Amino acid sequence: MKIIKVKDANEGGLKAFEIFKEALNNGTQVFGLATGSSPITLYQNLAKSDLDFSDRVSVNLDEYVGLTADNEQSYHYFMQKNLFDAKPFKKSYVPDGSNPDANKATSDYDKIIEENPIGLQLLGLGRNAHIGFNEPGSSFDALTSKVSLTQSTIEANTRFFDKEEDVPKFAYSMGIGSILKSKKILLVAYGDAKAEAISNMVNGPVTEDVPASALQNHPDVTIIVDEAAAAKL
Ligand code: GLP
């Protein structure tokens, strides 16, 4: 893994922007995108740049089950507001959280990923080292599936909702197997709440108890961390 240490999320956003720019200029066709607060500084830089993604495709990692694309708490909506309104892609895919048929929603998404192999996948990191919504114990071979969120993830995500009961308990998420198929991976993590997960991901054993440790098996991973997130490395 290549580790880039930065002062804070703003500097991280600039570094991540350079990596996206290089990928765009190198002809990367499909960008895997992520939600959460960590990618926001990157998206701000992309949004105000003159880069043109209108002939490229984006594929997002995950979506809450039960939320429609126009729900303000959905990841669809997050992407629209934080990136796509300013920087449209030719086609942008997010799992269909409004489809109650999990088999169909997930197999449709696997087909999309198969038809659009991801050149650069952006990832955030959960406090328990989850990537996408792949919680500890997830198989490293899994493709897209319906997952139930752990209590710690529900608590962490409560800040985006009025109250904890409103946080959906399930999500459709690309699996770790899908993520590992991406040609390049870029993970961004900031703040001391991520320090333990970063240390386990980089230096700990490769184990399903630490979903992000699967990235040790991938040949081209870059991580951008601030001083607080790198504190236990
Ligand atoms: C959610 C998302 C993840 C994201 C994580 C961390 O659980 N499904 O993709 O990485 O939150 O979010 P944040 O960057 O806000 O800490």
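When a ligand or atom number is given, it counts from 1 through the structure's own listing order. All figures in this text were calculated on a predicted structure; none of them were measured in a lab.
For Q121 (side chain) and F31 (main-chain N/O), no donor-acceptor pair under 3.5 Å exists by modelled atom type.
In this structure, the side chains of I179 and L61 come closer than 4.5 Å at one or more pairs of heavy atoms.
Just one of K194, Q216, M1 meets the side chain to side chain contact (heavy atoms under 4.5 Å, CB included) condition when paired with M201; it is M1.
Connection of F20 to I4 is established within a shared hydrophobic cluster, with ILVMFWY side chains joined at heavy-atom distances below 4.5 Å, either directly or through further cluster members.
Taking Y64 as the reference, Y75, F133, F161 meet the ring pair (Phe, Tyr, Trp, His ring centres under 6.0 Å) condition, with sequence neighbours excluded.
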Which pairs of nitrogen or oxygen atoms, taken one from ligand 1 and one from the protein, are under 3.5 angstrom apart?
{"residue": "ligand 1", "atom": "7 (O)", "partner": "H130", "partner atom": "NE2", "Å": "2.8"}
{"residue": "ligand 1", "atom": "8 (N)", "partner": "D62", "partner atom": "OD2", "Å": "2.9"}
{"residue": "ligand 1", "atom": "8 (N)", "partner": "G132", "partner atom": "O", "Å": "3.2"}
{"residue": "ligand 1", "atom": "10 (O)", "partner": "L125", "partner atom": "N", "Å": "3.2"}
{"residue": "ligand 1", "atom": "14 (O)", "partner": "S37", "partner atom": "N", "Å": "3.3"}
{"residue": "ligand 1", "atom": "14 (O)", "partner": "S38", "partner atom": "N", "Å": "3.0"}
{"residue": "ligand 1", "atom": "14 (O)", "partner": "S38", "partner atom": "OG", "Å": "2.5"}
{"residue": "ligand 1", "atom": "15 (O)", "partner": "S37", "partner atom": "N", "Å": "2.7"}
{"residue": "ligand 1", "atom": "15 (O)", "partner": "S37", "partner atom": "OG", "Å": "2.6"}
{"residue": "ligand 1", "atom": "15 (O)", "partner": "R159", "partner atom": "NH2", "Å": "3.0"}
{"residue": "ligand 1", "atom": "16 (O)", "partner": "K194", "partner atom": "NZ", "Å": "2.6"}

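Aromatic ring centres of F84 and F89 lie closer together than 6.0 Å.
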